[in-house]
Amino acid sequence: MSIQRVGIVGAGTMGNGIAHVFARCGFDVVLCDVDQRFLDRALGTITKNLDREAGKNKITVADKDSALARIQPATDRGKLANCDFVVEAATEKFEIKTEIFRDLDRLTRPEIILASNTSSISITKLAAITKRPDKVIGMHFFNPVPVMKLVEVIRGLATSQETFDSVRDLSLKLEKTPVEVNDAPGFVSNRVLMPLLNEAMYAVMEGIATPEAVDEVFKLGMAHPMGPLTLADFIGLDVCLDIMRVMHSGLGDPKYRPCPLLIKMVDAGWLGRKSGRGFYKY
Ligand SMILES: NC(=O)c1ccc[n+]([C@@H]2O[C@H](COP(=O)([O-])OP(=O)(O)OC[C@H]3O[C@@H](n4cnc5c(N)ncnc54)[C@H](O)[C@@H]3O)[C@@H](O)[C@H]2O)c1
């Protein structure tokens, strides 16, 4: 089935990046969130990021204008009814995603694929909520979406080969590199990355080093482009906590226990870069 009109649910850090990439690659986008102010913020960010690409001559000013014109913001999820593909990028909470998938299954044509950008939640469980488990799949983009090349494509237990092939081809059309993984808490990327970030937080909590020192160790000693605490702030500390909790409960191993300092910071509303304060001040 040809895909032209794409629905995106959630217009936060990831949703706005996903909308940017689809629109820049010629797709029509319906970008959905629960409140107009989140949509306004997302369109502001997309405009700024497209401007940056035009400034670097990666796209023309006309490309930027036509990409923006292809994005239709919506608080009414009913506008997704005539989409040919939907990717969910809402808050990393199972109850929120459950409600969205149930609604998308009711709203959209039965043959269309419903993808989730979840970082850790079971694709198999999300699929089981719908009447089309063979058409549910993980399409895990990386932050910042317009820059990062990887899409982790996650097969749920019931995901069909046809669905997988469509999402692989779609990722290539977005000029991304798809990598196939199977469904398990945290998939591959976060199963390996999050314990590193969590352990870096323990090092700070236990007074072993400052956030700056921990980050320097990884930048200078391991050639990481960004230290683990800067990266955690960039991802969002609430997102990191949600992912650790999914892995802790899903894998049942105490080694995934979220760092108490992370829990405390999220309780304080210190969510990293997006809230102006995390391990660093912004
Ligand atoms: N932040 C990252 O680096 C990153 C990377 C890869 C994947 N993800 C995943 O992407 C998803 C979104 O993360 P984010 O960082 O963009 O979060 P975010 O907090 O920046 O944005 C989430 C958005 O979802 C919206 N939302 C919440 N409930 C909704 C609903 N019922 N309907 C429509 N919109 C709703 C919120 O209003 C918010 O705008 C999560 O599943 C997360 O795990 C995040």
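Counting convention: from 1, in listed order, for ligands and their atoms alike. Counting begins at 1 with the first residue of the sequence.
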Distance from atom 41 (O) of ligand 1 to nearest protein heavy atom, with residue and atom: E92 OE1, 2.5 Å

Would R277 and D233 count as a salt bridge (Lys or Arg N to Asp or Glu O under 4.0 Å) here? Give the steps. CA-CA 8 Å; R277 181 146 193 195; D233 273 359; over 6 Å; no

Report the C-alpha distance between R77 and D103 in whole Å, list the side-chain angles of each, state the deciding distance to 0.1 Å, and finish with yes or no for salt bridge (Lys or Arg N to Asp or Glu O under 4.0 Å). CA-CA 9 Å; R77 226 184 266 160; D103 208 29; 2.8 Å; yes

Please confirm whether F141 comes under 4.0 Å of ligand 1, counting heavy atoms of the residue only. yes

Does A89 come within less than 4.0 angstrom of ligand 1, counting non-hydrogen atoms of the residue? yes

Which of parallel (below 30°), tilted (30 to 60°) and perpendicular (above 60°) describes F85 and F22? tilted

Given G12, G17, S119, identify the one with the heavy atom nearest to atom 23 (C) of ligand 1. G12

Per-residue contact class, T13 against ligand 1 - non-hydrogen pairs under 4.0 Å: both

Identified side chain to side chain contact (heavy atoms under 4.5 Å, CB included) counterpart of P258 within the set H248, M194, M201: H248

Is there a side-chain contact between H140 and V151 (heavy atoms, below 4.5 Å)? no

If we set the cut-off at 4.0 Å for heavy atoms, which region of N143 has an atom near ligand 1: side chain, backbone, both, or neither? side chain

Tell me which protein heavy atom sits closest to atom 11 (C) of ligand 1, plus the residue, atom name and distance to 0.1 Å. A90 O, 3.3 Å

Do the numbers put R273 on top of the ring of F234, so that NZ or CZ is under 6.0 Å from the six-membered ring centre and no more than 45° off the axis? no

For K97 and ligand 1, answer yes if some heavy atom of the residue is under 4.0 Å from a ligand atom, otherwise no. yes

Can you find a non-hydrogen atom of K274 under 4.0 Å from ligand 1? yes

Taking atom 10 (O) of ligand 1 as the point of reference, which of D242, D238, N117 owns the nearest heavy atom? N117

Contact check, side chains of S116 and I123, non-hydrogen atoms, under 4.5 Å: yes

Charged tip of K176 within 45° of F141 ring normal and under 6.0 Å: no

Atom 39 (O) of ligand 1 sits nearest the protein heavy atom D33 OD2, 2.6 Å

